[in-house]
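Here's the structure we're looking at; comments come further down.
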Amino acid sequence: MMMERRKKFLLSESDIPTRWYNITAEMKNKPLPMIHPGTKEPIKAEDLFPIFSEELSRQEVNQTDAWIDIPEVVREKYKIYRPTPLVRATDLERALDTPARIYFKNESVSPVGSHKLNTALPQAYYNKIEGVTNLTTETGAGQWGTALAFAAKTFGIELAVYMVKISYEQKPYRRSLMQTWGAQVIASPSMSTKTGRKIITDTPNYQGSLGTAISEAIELAIQTPNCKYALGSVLNHVSLHQTVIGLEAEKQMEMAGVYPDVVIGCFGGGSNFSGISFPFLRHKIVGKNNCRFVAAEPASCPKLTRGEFKYDFGDESGHTPLIPMYTLGHKFAPANIHAGGLRYHGAGSIVSQLLKDELIEAVSVKQLESFEAGILFAQTEGIVPAPESTHAIAVAIREALKAKEEGTPKTILFNLSGHGLVDMSAYDQYLAGDLTDHEVSDEEIQKFLATK
Ligand SMILES: *Cc1c(COP(=O)(O)O)cnc(C)c1O
């Protein structure tokens with residue numbers, strides 16, 4: 001007799017987590033502290049107050065409280081799209097003819113189309129209750145900017161977004177979304193900051209980069225009264241907020257009556273990977289299990305698989321504290337691949353420590369393999385994935401095919417960090433055969449790592 005195969009595992013609103021999970025409190029080897037570039041002293045929460053909300057600054061350095069309450073107002077707003085579904089990818093399984101069970105957590109159902117709203121809402125909220133009236137941020141492909149635009153509007157804060165110039169020109173729809181939610185969007189480099197003016201003067205046709213946009217956003221925040229800066233990845237408080245993904249998935253996998261053998265997330269700065277992984281990794285740290293955790297990064301920006309573990313700046317011009325991380329060097333200029341959200345030179349300090357301690361693994365995926373995976377996923381499960389998310393799908397497919405080869409069933413869980421409906425120009429190029437693989441040479445990596 002065939003056992004019924006359930007497709008979706010849905011929770012109710014009362015199942016939305018009431019607390020975020022702070023993994024650093026339970027890590028045996030704590031992540032190294034961020035360091036002040038001038039004094040070389042470890043960063044304390046107060047040192048971050050000029051840039052970030054005070055509560056977010058405290059969360060950033062908190063290594064003692066394993067659980068942090070989600071403010072009731074934020075939890076209410078989470079109800080707009082949470083809990084998100086956990087789905088069994090039965091049609092993908094069939095297409096691969098694999099004995100593996102594949103599950104994905106569908107974060108693409110958020111109104112902004114990605115997981116980024118999970119941290120945008122609390123970030124806007126804490127700033128609001130501390131009396132901040134204006135926020136600045138940067139955005140590459142536009143996902144973070146759109147998430148923060150909606151969150152800022154929700155809590156009545158003005159937002160200025162520095163958007164990497166090439167995306168501003170080539171991806172007009174995320175700009176329109178940010179403007180629809182009331183944000184001011186500025187192409188970066190711009191004439192509105194010292195950093196921007198210098199770059200435009202030196203290199204008039206510069207197409208912009210995430211590093212430059214971060215520098216501009218921080219500069220504006222520091223110089224404007226009642227204005228703070230917000231970041232959508234890399235930092236510890238961002239990973240903390242994203243744990244709602246894994247905490248829900250933990251309950252849903254239980255409903256499905258299975259436990260993952262491998263958990264997969266695509267990797268830009270680490271926030272969605274952290275979000276899906278940390279609640280399961282907790283079982284490995286405080287208990288005992290053999291679950292594997294795999295971060296999927298693009299071959300063209302391979303900080304985890306080919307970078308170096310060291311202190312480096314989070315932005316191109318060195319405005320941020322020094323962060324202990326796997327990095328390709330803060331001057332690294334990644335190829336212009338379509339997974340814009342994965343084009344970041346470094347990794348968060350928690351995931352970096354976990355990788356160093358071999359509690360997690362990392363693999364890289366080339367652009368063409370990622371799009372092939374994205375197309376197969378769209379044609380079987382119906383959702384067009386974000387170009388970033390296709391990296392996680394590609395690794396899930398690799399694992400499922402390995403299971404088939406070995407003839408052993410296994411349970412795979414990956415995070416679908418977002419949908420690709422605003423990225424169809426990337427799919428157009430893939431379908432037209434115009435996409436290529438980019439890989440960086442060892443010489444190039446060494447050159448950027450050595451650049452101060
Ligand atoms: C921003 C983004 C990413 C990469 O960021 P992480 O912090 O590594 O999660 C991945 N997927 C989507 C859909 C994104 O918007």
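One-based numbering, in listed order, for ligands and for the atoms of each.
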[X] neighbourhood, listing ligand 1 atoms whose heavy-atom distance to it stays under 4.0 Å:
| X | result |
| --- | --- |
| Glu388 | 10 (C), 11 (N), 12 (C) |
| Cys266 | 10 (C), 11 (N) |
| Ser233 | 6 (P), 7 (O) |
| Gly418 | 13 (C) |
| Ser417 | 10 (C), 11 (N), 12 (C), 13 (C) |
| His115 | 2 (C), 3 (C), 9 (O), 10 (C), 11 (N), 12 (C), 14 (C) |
| Leu342 | 4 (C) |

Which residue owns the protein heavy atom closest to atom 8 (O) of ligand 1, what's the atom, and how far is it?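 Its nearest protein heavy-atom neighbour is Gly268 N, 2.6 Å.
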How far is atom 4 (C) of ligand 1 from its nearest protein heavy atom, and which residue and atom name does that atom have?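 The protein heavy atom lying closest is Gly341 O, 3.4 Å.
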For atom 2 (C) of ligand 1, which of Lys116, Arg343, Glu107, Gln143 has the closest heavy atom?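 Considering heavy atoms of Lys116, Arg343, Glu107, Gln143, the nearest to atom 2 (C) of ligand 1 sits in Lys116.
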Regarding Glu55 and His237, is there a side-chain donor-to-acceptor distance under 3.5 Å anywhere?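 Glu55 vs His237: no donor-acceptor pair found between side chains.
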Gln242 contact mode with ligand 1 (heavy-atom cut-off under 4.0 Å):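 No part of Gln242 is near ligand 1 at this cut-off.
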Between [X] and [Y], does at least one N-O distance fall below 4.0 Å, as a salt bridge requires?
| X | Y | value |
| --- | --- | --- |
| Lys251 | Glu254 | no |
| Lys7 | Asp91 | yes |
| Glu316 | Lys331 | no |

Between [X] and [Y], ring centroids under 6.0 Å:
| X | Y | result |
| --- | --- | --- |
| Phe332 | Tyr344 | no |
| Phe414 | Phe104 | yes |
| Phe280 | Phe293 | no |

Mark the output for Phe267 as yes if a heavy-atom distance to ligand 1 is under 4.0 Å, and as no if none is.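 True for this residue.
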Minimum heavy-atom separation for Ala392 to Gly265, with atom names?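 Smallest interatomic distance, heavy atoms only, reads CB-C, 4.0 Å.
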